[in-house]
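Below is one structure; the comments refer to it alone.
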Amino acid sequence: MEVLTAIAIGLTFAAGVFQILRRNMVRAVIGLMMLTNAVTLFLLSTGAYDCDTAAYIGPVVGVRCDALPQALILTAIVISLGMAAVALALLYLNAKRYRVCDSDELTGLKR
Amino acid sequence: MIVYRHLPILPIVLPFLGAVTALVLKQRPRAQVVIALAAMSAALAASLALLVAVRAAQAPLVFQVGGWSAPFGITMVADLTSALFVVMSQVVLLLGVVYAVGSRERCVGYSTFYPLFLFLATGLTGGFLAGDIFNLFVFLELLAISSTVLTAISDDRYGVEAAYKYFFMSQVAAVLLLLAIGALYVSCGTLTMAGLATTIAANPDRALLPVAAALLTAAFMIKSAVFPFHFWQPDFHTAAPTPVSAMLSSVVVKLGVYGFMRLNTLLFVDHAHLLGPLLTGLGIAGILYGGLGAIGTHNLKRMLAYSTLAQVGFVLVGVGWGTPMALAAAIVFAFNHSLAKAAMLMLSGFVASRASVKSAAFEVVTGVGRPLPFAGALFFIGALALAGIPPTNGFIGKLLLFRSALEARQVWALLAIGAAAVLSLIYTMRAFMRIWWQPAADGITTKPYGDRLYAPALLVALVVVLGIASEPLVAVAWEAAQWMAVPELYIGAVGK
């Protein structure tokens, strides 16, 4: 099970990194959001596999899963929400000014 | 009311409360100004009190937020290094607010400017005082958002573009930092810096530790614009509004440098012999790249942004060597550079505000300085500070770095430092001559009004004072470096 999750998280990372490096700004921002999601899943997987019972639910049978990574994830999700909002707002302003979503066109700042 | 034990958290809470109050009083700009000045003054007073208290206690001051004890609670640790950096940033931030109050930028009049500025102050101070890596991440994000939005609302028409580019890179840095946090949690089971230091020192060969170290290094490199990851920096620091740009280029970049200090001296002490040479190499590359890049610019603020690249390279060279003298040199250099760079950027904004078109491009500001001799004198002293010429404080920082280079027997670094000093003289003096000595071209006149000079004048005065009476700062920095050489001091303070 860990192997499958690891492969899935790796694929999400790969997709996110690929998207970040694209020329179209919208796809790049989507890639950023995928990357933050992948990191969130990674954080989840740090606390999910050495234990027998889920973190907050039900009576304990064996070892209870670590709840701290889930607290970290909640904070990270909220922060990435704010970051996604600001990134999309900036993307929208830039696209409106340059009339294209092509990052190669953002050439206003030269030496 | 204000208890001694709350001191580590006061420099964070005061600007935050100021920001929230200023946001609530959005409809009253004069109240916002008063609140911003009051909050930053109070934060400066608190940070000075913190520094005095930490020195008196001879141990780091620790505050557990909410009363929850480590490792589950949020720890704020005021080491001597942190306290010194916090004092440095509060001084520069307060003078940044003073400059903003006296400036004629349109963006300063927006109802969210002062709240965002105070949030930037909160994020920066929290980053220096964080005792927990995840808390550092949260404060870094606050800092990133505040500085991004402040640049996006800049009067400069390319502010939005520069903000977008910076934000993208900053998000990537955040992703890397989160990955590092996950890796550290898996391998060490704790996230407080003291806990990490203890666990890593007990067993330096844990799985995922090299990965975490590499990711942390990459994240801090992006944040402090170290050589290969610096490409966002010239655009961002140029397009930001002048008071914000003065903050970004002087104190915000020091947060990454502070992170490197903690990495080398607290967290990864056993791996420091690998990280150190990397930092030194990147620092030297940054010094040369920044110096040469500054010579090739056509815009005053851009030139100063490239100059920041070079000066941050100096600090990294000191951090990379790792000896107590080199660390003290790095701290003194960072402190002095913040003051000098903030002054220079404010002066460049002043010159741009007096030019007929509000721009810092050289062809627009040539000859603008003729009727402004006081600003010229300030700029000249600031340029001396950047180049490291006595009696300015830049000389003290460079001298300490020279001595630590001699002590560590690094000849190439000495050559690089010397070359960088010459380069910085070249570009600053060229700018000075173009603005203050050359006659203005035909269509260029100096406006009779513009930004006020109180803030840069105070900063330059501090530059000269710290250049002449430098012993207190050097003594505190030396003590801070000694504390950093003994991680048990930090760990012991948090543990109890």
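Chain identifiers are assigned alphabetically (A, B, ...) following the order of the sequence lines, protein sequences preceding nucleic acid strands; residue numbering begins at 1 within each chain. Fair warning: this is a prediction, and the values are worked out from it, not measured in the lab.
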Are the side chains of B:Phe134 and A:Leu68 in contact, using a 4.5 Å heavy-atom criterion? no
Tell me if the CZ atom of B:Phe16 is crowded by more than 12 foreign heavy atoms within 6.0 Å. no
Interatomic spacing from NZ in B:Lys165 to OG in A:Ser103 - rounded to 0.5 Å: 9.5 Å
Would a 4.5 Å heavy-atom cut-off, applied to side chains only, mark A:Ile20 and B:Phe168 as touching? yes
Region of B:Ile145 that comes under 4.5 Å of a non-hydrogen atom in chain A: side chain
For a quick test of reading the model, state the closest non-hydrogen atom pair linking A:Ala76 to B:Leu178 and the distance between them. CB-CD1, 3.8 Å
Could you check whether atom CZ of A:Phe18 has more than 12 heavy atoms from other residues, nucleotides or ligands sitting under 6.0 Å from it? no
Using a 4.5 Å cut-off on heavy atoms from C-beta on, say whether the side chain of B:Val172 contacts that of A:Leu32. yes
Of A:Leu93, A:Leu35, A:Ile79, the largest count of non-hydrogen pairs under 4.5 angstrom with chain B goes to A:Ile79
Nearest non-hydrogen partners of A:Asn94 and B:Glu161, listed with the distance: OD1-CA, 3.4 Å
Taking the side chain as everything from C-beta on, heavy atoms only, tell me whether B:Tyr185 gets closer than 4.5 Å to A:Leu43. no
Toward chain A, the part of B:Tyr158 with a non-hydrogen atom under 4.5 Å: both
Contact part of B:Tyr164 toward chain A, heavy-atom cut-off under 4.5 Å: side chain, backbone, both or neither? both
Nearest atoms (heavy-atom pairs only) where B:Ala152 meets A:Leu90: CB-CD2, 3.7 Å
Option among B:Leu184, B:Leu208, B:Val186 that satisfies the side-chain contact (heavy atoms from CB on, under 4.5 Å) test with A:Thr46: B:Val186
Which bit of A:Ala28 is near chain B, if near means a heavy-atom gap under 4.5 Å: side chain, backbone, both or neither? both
Nearest 0.5 Å, what's the CD1-CZ distance between B:Ile181 and A:Phe42? 11.0 Å
Check this for me: A:Tyr92, atom OH, are more than 12 non-hydrogen atoms of other residues, nucleotides or ligands nearer than 6.0 Å? no
